Number of protein chains: 2
Amino acid sequence: MKYTLKPNGELSAQIALAIQDAIVAGTLLVDERLPSESELGERFGVSRSTVREALKRLAAKNLIRTQRGASGGAFINRISFEDAYPQQITTSTLLLSMNDVSFETACEARYAAERACIPLAAQRCQPDHLAAMRAEIHRQKQSGLSDESFCASDVAFHRALVDGAGNAVLAYQLVSAIESMQPLMNMITFSERDRTTIIQFHSDIADAIETHDATRAEAALAALANYTATLADQFRAKREKLRQSAKAVD
Amino acid sequence: MKYTLKPNGELSAQIALAIQDAIVAGTLLVDERLPSESELGERFGVSRSTVREALKRLAAKNLIRTQRGASGGAFINRISFEDAYPQQITTSTLLLSMNDVSFETACEARYAAERACIPLAAQRCQPDHLAAMRAEIHRQKQSGLSDESFCASDVAFHRALVDGAGNAVLAYQLVSAIESMQPLMNMITFSERDRTTIIQFHSDIADAIETHDATRAEAALAALANYTATLADQFRAKREKLRQSAKAVD
DNA sequence: ACATTCCAATTGTCAGACATTTAAAACATT
DNA sequence: AATGTTTTAAATGTCTGACAATTGGAATGT
């Protein structure tokens with residue numbers, strides 16, 4: 001099954017790909033045990049170190065787990081949503097920071113994604129998700145909250161909204177859009193007035209969800225998106241001004 | 001910088017995590033060169049093999065690339081959307097197949113995601129994306145097309161729609177929702193009548209997008225979603241019936 | 001100035017050893 | 001017979017040292 005390697009670059013990469021393909025194709029099933037490292041080495045005609053590098057590649061992607069000792073070995077992992085989240089969020093965050101994506105683009109993606117959840121959330125929102133949203137709103141009202149904490153709470157609020165849609169697949173796809181925005185949001189300093197306005201929108205959304213009013217929730221979300229864009233504009237203007245004065249001194 | 005390891009499991013995993021953290025934190029910049037494997041080994045107090053396993057973990061996640069030869073080494077990768085897509089799609093596909101997600105849930109996520117793109121696509125859809133959509137519609141009309149090819153074209157159509165929203169971040173988040181559905185869609189056999197109906201919805205969507213009519217596009221998409229759900233129901237009923245008769249024979 | 005050769009650095013691969021972990025088998029005790 | 005202890009074997013984790021392959025730059029020759 002795993003004998004044909006596509007000649008392409010390093011052996012460890014080829015072997016990792018061959019095994020990955022077998023997993024995706026369903027040839028290797030969840031919790032199935034791979035042959036031992038030595039045996040894989042024999043089958044592929046490579047040394048144990050090369051096999052190990054291949055297995056580490058797969059482990060990095062959560063495709064396998066390894067166990068030591070007798071009856072240990074490498075086992076095909078059942079990838080859970082919980083396992084996949086961190087990886088997904090890390091990648092999204094790096095995509096944003098490394099490709100100088102504009103704040104507007106990221107923001108637009110975030111609110112478009114959330115908008116998709118609103119009808120579902122309004123329809124099925126459970127008490128616990130609603131409670132989570134209310135709790136974050138309460139936290140956001142606390143004075144003396146750092147910008148970072150405020151943003152973190154903001155993320156948590158929106159994540160609760162997405163979870164409220166009651167669709168694990170949708171949540172998985174969208175949470176990274178929200179989480180990966182946090183570094184960008186953290187750059188903005190929120191005045192007391194900004195926070196009050198944002199909290200008001202959050203309350204509106206929560207209220208609308210509670211009364212299963214999707215239309216109103218969408219409107220509130222749109223208003224929040226709009227307001228966030230305004231804040232981003234202000235921030236950019238401020239930064240530009242700073243840059244100008246720095247230039248003047250220079 | 002990379003000296004403090006969180007004691008947790010294998011050394012190669014700890015080292016990989018330490019470097020990953022440095023990348024995410026921005027301590028290591030794009031295209032920056034890591035120390036050589038031997039030097040990293042000295043710094044972390046481990047052997048070269050262990051360092052290599054750590055680097056392979058990072059390479060599997062596209063975080064670094066390696067180059068041989070003088071002035072070679074491991075370099076921090078600028079993760080592009082193109083690089084991130086396949087990884088993301090693979091993970092999504094495995095999540096669906098390994099967690100017995102229902103067709104309904106996956107479908108719901110898919111159409112919710114697409115719905116989020118409609119307003120943006122209607123607003124800014126470019127001729128090339130529209131042409132891509134039309135081309136797929138044309139392909140879908142060909143007789144003698146296998147179910148797999150029809151589904152592939154369906155995926156391509158919807159992907160063009162998402163791309164038409166003109167937001168790379170949004171596209172990245174949502175394409176996997178669409179692509180990972182393909183294995184599930186492939187299980188359904190489409191009759192000639194089914195295809196005609198689906199193609200009609202596709203045409204409706206394309207027309208609406210072309211005339212910047214978001215409301216109509218959303219309606220057409222909703223109708224398509226509804227129809228797909230019906231087909232899935234039929235499929236499930238048919239399979240159930242087969243199972244019953246198999247039981248009777250048994 | 002340009003082409004060629006050589007060299008040194010670096011990753012890729014291999015082989016073999018030992019350390020560590022773990023479950024199961026073998027053994028001893030009650 | 002049941003239970004607790006020791007031994008053992010298998011497997012991964014790590015280390016060491018070696019060599020192959022690649023590659024950019026330095027040295028050399030024309």
Side-chain angles (χ1 to χ4, degrees), chain A residues 2-20 23 28 30-77, chain B residues 2-20 22-23 28 30-78:
Chain A
K2 291 160 293 182
Y3 304 95
T4 50
L5 296 179
K6 299 168 191 166
N8 195 337
E10 307 157 39
L11 283 173
S12 65
Q14 295 175 43
I15 293 170
L17 185 60
I19 298 177
Q20 172 174 321
I23 296 173
L28 293 169
V30 165
D31 290 336
E32 192 171 333
R33 182 182 173 280
L34 291 177
S36 73
E37 295 175 351
S38 323
E39 197 174 332
L40 282 173
E42 282 178 21
R43 293 213 200 165
F44 285 112
V46 301
S47 73
R48 203 186 138 209
S49 354
T50 303
V51 169
R52 278 185 64 80
E53 288 180 10
L55 293 183
K56 293 314 150 202
R57 293 177 120 108
L58 296 174
K61 297 202 223 174
N62 273 314
L63 292 178
I64 61 168
R65 63 181 180 280
T66 53
Q67 226 172 358
R68 296 222 274 203
S71 74
F75 299 85
I76 310 298
N77 240 348
Chain B
K2 290 159 293 180
Y3 305 96
T4 50
L5 296 178
K6 299 167 191 169
N8 196 341
E10 308 158 38
L11 283 172
S12 64
Q14 295 175 42
I15 293 170
L17 184 60
I19 297 177
Q20 172 174 320
I23 296 173
L28 293 170
V30 164
D31 290 335
E32 190 171 334
R33 182 181 173 279
L34 291 178
S36 74
E37 295 174 350
S38 324
E39 197 174 332
L40 282 173
E42 283 178 22
R43 293 213 199 167
F44 285 112
V46 299
S47 74
R48 203 186 137 207
S49 6
T50 303
V51 169
R52 278 184 66 79
E53 288 180 10
L55 294 182
K56 292 314 149 200
R57 294 177 117 109
L58 298 174
K61 297 203 222 173
N62 274 316
L63 292 178
I64 60 169
R65 62 181 182 280
T66 52
Q67 225 173 359
R68 295 222 272 202
S71 74
F75 299 84
I76 310 297
N77 240 348
R78 155 168 283 122

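Computed from a prediction, not measured in an experiment: that's the story for all the values here. In what follows, chains carry the letters A, B, and so on, assigned in the order in which the sequence lines appear, proteins first and then strands, with residues in each chain numbered from 1.
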Proximal nucleotide (of [options]) relative to the [X] side chain:
X       : options                : result
A:Ser47 : D:dT12, C:dA15, D:dC15 : C:dA15
A:Ser12 : D:dA11, C:dT13, C:dT11 : C:dT13
A:Lys56 : D:dA11, D:dT14, D:dG13 : D:dG13

(message) It should be established whether A:Ser36 places a side-chain nitrogen or oxygen under 4.0 Å from OP1 or OP2 of nucleotide D:dA10.
(response) no
(message) Among A:Leu63, A:Ile15, A:Ile76, exactly one meets side-chain contact (heavy atoms from CB on, under 4.5 Å) together with A:Leu58. Which residue is that?
(response) A:Leu63
Rounded to the Å, how far apart are [X] [atom1] and [N] [atom2]?
X       : N      : atom1 : atom2 : value
B:Gln67 : D:dG25 : CD    : P     : 11 Å
B:Gln14 : D:dT14 : CD    : C1'   : 13 Å
A:Phe44 : C:dC14 : CZ    : C1'   : 17 Å
A:Glu53 : D:dT14 : CD    : C1'   : 14 Å
B:Glu10 : D:dT12 : CD    : P     : 11 Å
A:Glu37 : C:dA19 : CD    : C1'   : 14 Å
A:Glu42 : C:dT13 : CD    : P     : 19 Å
B:Leu55 : C:dT11 : CG    : P     : 8 Å

(message) Between A:Arg68 and A:Ser49, which residue's closest nucleotide on DNA chain C lies nearer the 5′ terminus?
(response) A:Ser49
(message) Go nucleotide by nucleotide along DNA chain C from the 5' end; which of A:Ser71 and B:Arg33 gets its closest nucleotide reached first?
(response) B:Arg33
(message) So that I can tick it off, tell me whether A:Glu10 and A:Arg57 are bridged by a salt bridge, with the cut-off set at under 4.0 angstrom between side-chain N and carboxylate O.
(response) yes
(message) Any carboxylate oxygen within less than 4.0 angstrom of a Lys/Arg side-chain nitrogen, looking at B:Lys56 and A:Glu53?
(response) no
(request) Kindly indicate whether the side chain of A:Arg48 and the base of C:dG16 share any N or O donor-acceptor pair separated by less than 3.5 Å? (result) no
(message) Please find the pair of heavy atoms, one from A:Ile64 and one from A:Leu55, that lie closest to each other, and give the distance.
(response) CD1-O, 3.4 Å
(message) By nearest heavy atom, map A:Arg52 and A:Ala70 onto DNA chain D; which one lands nearer the 5' end?
(response) A:Ala70
(message) Which residue is it: A:Arg68, A:Arg52, A:Arg43? I am looking for the one with a salt bridge (Lys or Arg N to Asp or Glu O under 4.0 Å) to A:Glu37.
(response) A:Arg52
